[in-house]
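First the structure, in the form of structure tokens, and then the observations on it.
Bear in mind that the values here come from a model prediction, so they are computed numbers and not experimental data. Values below: every heavy atom of this structure, side chains too, minus hydrogens, waters and symmetry copies.
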Amino acid sequence: MAKIQTLARAGTDDLRSRVHFCAQTGQIWLHEHRMLLVHAEAQALLRKELIDTLGMERARGLLMRMGYASGLRDAELALARSQDASDIEAFMTGPQLHTLEGIVQVTPIALELDRASGRFYGEFLWENSWEGQWHRRYYGIHHEPVCWTQIGYACGYTSAFMGRPILYKEVECAGMGHANCRIVGRPVDEWPDAAEHLRYLTPQPIAEQLIELQTQVVQLRASIGQAEKLPAGMLGNSPGFRRAFDLLRQAAASQITVLLLGETGVGKELFARALHEMGARSERPFVAVNCGAIPAELVESELFGVERGAYTGAQVARAGRFERAHGGTLFLDEVGELPLPAQAKLLRVLQEGEVERVGDQRTRRVDVRVVAATNAELHERVKEGRFRSDLYYRLNPFQIRIPPLRERKEDIPPLAKLFLEKHGAINGKSLRGFTDKAKRALLTYDWPGNVRELQNMVERGVILAPPGGRVEVEHLFTSPAPGTAVPELGLAADGRIDIARWDAGRELCEAVFNGVMTLAQVEALLIETAVDKARGNLSAASRMLGLTRPQLAYRLKHLHEGSVADAARQAG
């Protein structure tokens, strides 16, 4: 046991190195989880108010569950350290954290564990328990143990670490008049009265009712001013998003032409589809066309159709997008990119409701609702002579501007969660969410690519995060995340990355874009540099790269196999 106590003291130094205080932002970080430094007396007063309000029994359950949740979080760090340490050393992370966090000084008396078989027995001495001391100050000597938050922490931490339910009992307690506290932990099935203690870890009716009522209030507030639910795939409750959607809902009740404005990636096509689905044409076709992606010489045939023999290669007659959308909705994305001749014909179709295929003299009636979208300022293009003013006014009777993601920060967490669930299901990976630091980075980033960029970034995070873990900052950002970059990489005054000053990164990007290096070579360079910097320690190198050790070993293996194959080809 003296050896375990020595390991505990040595491990505390490593944990201290993972605690970071940031005076500029007023934040404390333990690895990637945000922590709080709270006055013990304030915490004790809150505990007293819970007891006085809910009663001793209900407060005990609530505090135990709060401690249990805290223990689960700390177990994540312990499990991450278990790759480089023995089970005993990794397990002692929890007691060390409990001591480091100022909760109680923990000394192991007896500890036997085997994660493979699930065998566990632990006995610990608790000294200077804040919970026992403050309970005794307010309520005097109690007839039962009172370190409820701490016992919940021990249960949650050990259960998560062992992968099976572990129950602790406090057999001595400062709140009962003992000099110190002492706890004993065993698997749940080894305690004959386990059910009596486990009931405190199950939410009690009053708590469930309060949570249910709170949820209903949130839902009612969110529904104020909404005539109907958001269509599938749409998510947002920020004022800017709500204003745009309310305009869309009002336009859906009519047949008016709608012009959607917004930066790339804000979801203009999603808005157009929602408009179609909410309107009277929902049972008819929705046809989308990206005007900027069609070669200028083919725009007219794509939009209006072509007759056989109209030009070389036109071997069959083909209906255009207007005819295919007959009775439904035609979405013209990037309409500002249309060449002037096509603009003239589009104006005629909108005015007359008729199309004339390329190479044909016969007109065909079409009944189409047009929704146009652009990320360009069309009125500026009109002034420059690049867009017809009469077409601009024809397309612009009902304008909806979709705000960029940086103006709707409150929508980022639910969107990120939605994309996490979506891509987790696609990749067959179950994840537990984002770390606190990753959440902060998502909120401080400017999102020039808007919702599309957020989805792509979360997909990357899902792929890189270890199964059963959380998405970390390094899994999301290919470059240092906002607020985490070091000055040498070029930080702006507000703490964000200044790409213009990030010369090394720009040179690397240019090397890839110009064909000097491939992505595979860049990855190999990063891996080799990390392993070299970590002096061959794969666990340390994997942490630098935001990978698990097996993921790094897999990449190293394939990197080595590729080098051998290249050498063989050169020798041949």
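For Arg182, the side-chain hydrogen bond (donor to acceptor under 3.5 Å, both in side chains) test picks out Glu123, Glu172, with sequence neighbours left out. Checked against ring pair (Phe, Tyr, Trp, His ring centres under 6.0 Å), Phe124 has no partners two or more places apart in sequence or in another chain. Under the salt bridge (Lys or Arg N to Asp or Glu O under 4.0 Å) criterion, Arg460 pairs with no residue, sequence neighbours left out. Qualifying ring pair (Phe, Tyr, Trp, His ring centres under 6.0 Å) partners for Trp191, counting only residues two or more places apart in sequence or in other chains: none. Residues satisfying the side-chain hydrogen bond (donor to acceptor under 3.5 Å, both in side chains) criterion with Asn450, sequence neighbours excluded, are Glu263.
Proximity of a side-chain donor or acceptor of Ser238 to a complementary backbone N or O of Asp411 within less than 3.5 Å is not detected. At distances below 3.5 Å, not a single donor-acceptor pair connects side-chain atoms of Tyr157 with backbone N or O atoms of Ala75.
For residues 144-166, the salt bridge (charged side-chain N to carboxylate O under 4.0 Å, His left out) pairs, not counting sequence neighbours, are Arg60-Glu144, Arg164-Asp189.
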Inset, instruction - Check step by step if side-chain hydrogen bond (donor to acceptor under 3.5 Å, both in side chains) holds for Arg47 and His135. - result: CA-CA 9 Å; Arg47 186 181 188 276; His135 187 98; 2.8 Å; yes
Inset, instruction - Mind running ring pair (Phe, Tyr, Trp, His ring centres under 6.0 Å) on Phe120 and Phe91 for me, showing each step along the way? - result: CA-CA 11 Å; Phe120 180 86; Phe91 177 83; 5.6 Å; yes
Legend entry - Step-by-step side-chain contact (heavy atoms from CB on, under 4.5 Å) determination, Thr107 to Trp126: CA-CA 7 Å; Thr107 304; Trp126 280 351; over 6 Å; no
Legend entry - Stepwise side-chain contact (heavy atoms from CB on, under 4.5 Å) test for Phe434 and Val473: CA-CA 9 Å; Phe434 301 88; Val473 172; over 6 Å; no
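Taking the centre and axis of the six-membered ring of Phe161, the NZ or CZ atom of Arg115 falls inside the cone set by 45° and 6.0 Å.
The shortest non-hydrogen separation linking Pro145 to Met176 is N-SD, 3.4 Å.
No side-chain donor-acceptor contact under 3.5 Å links Thr435 and Glu472. Using modelled atom types and a 3.5 Å distance limit, the side chains of Ser86 and Glu89 yield a donor-acceptor pair. Glu57 and Tyr200 are linked by a side-chain donor-acceptor pair at a separation below 3.5 angstrom, with hydrogens and angles left out of the test.
Salt bridge present: Asp193 and Lys169 bring a charged side-chain N and a carboxylate O closer than 4.0 Å. Note on Asp52 versus Lys48: salt bridge recorded, some NZ/NE/NH1/NH2 to OD/OE distance being below 4.0 Å.
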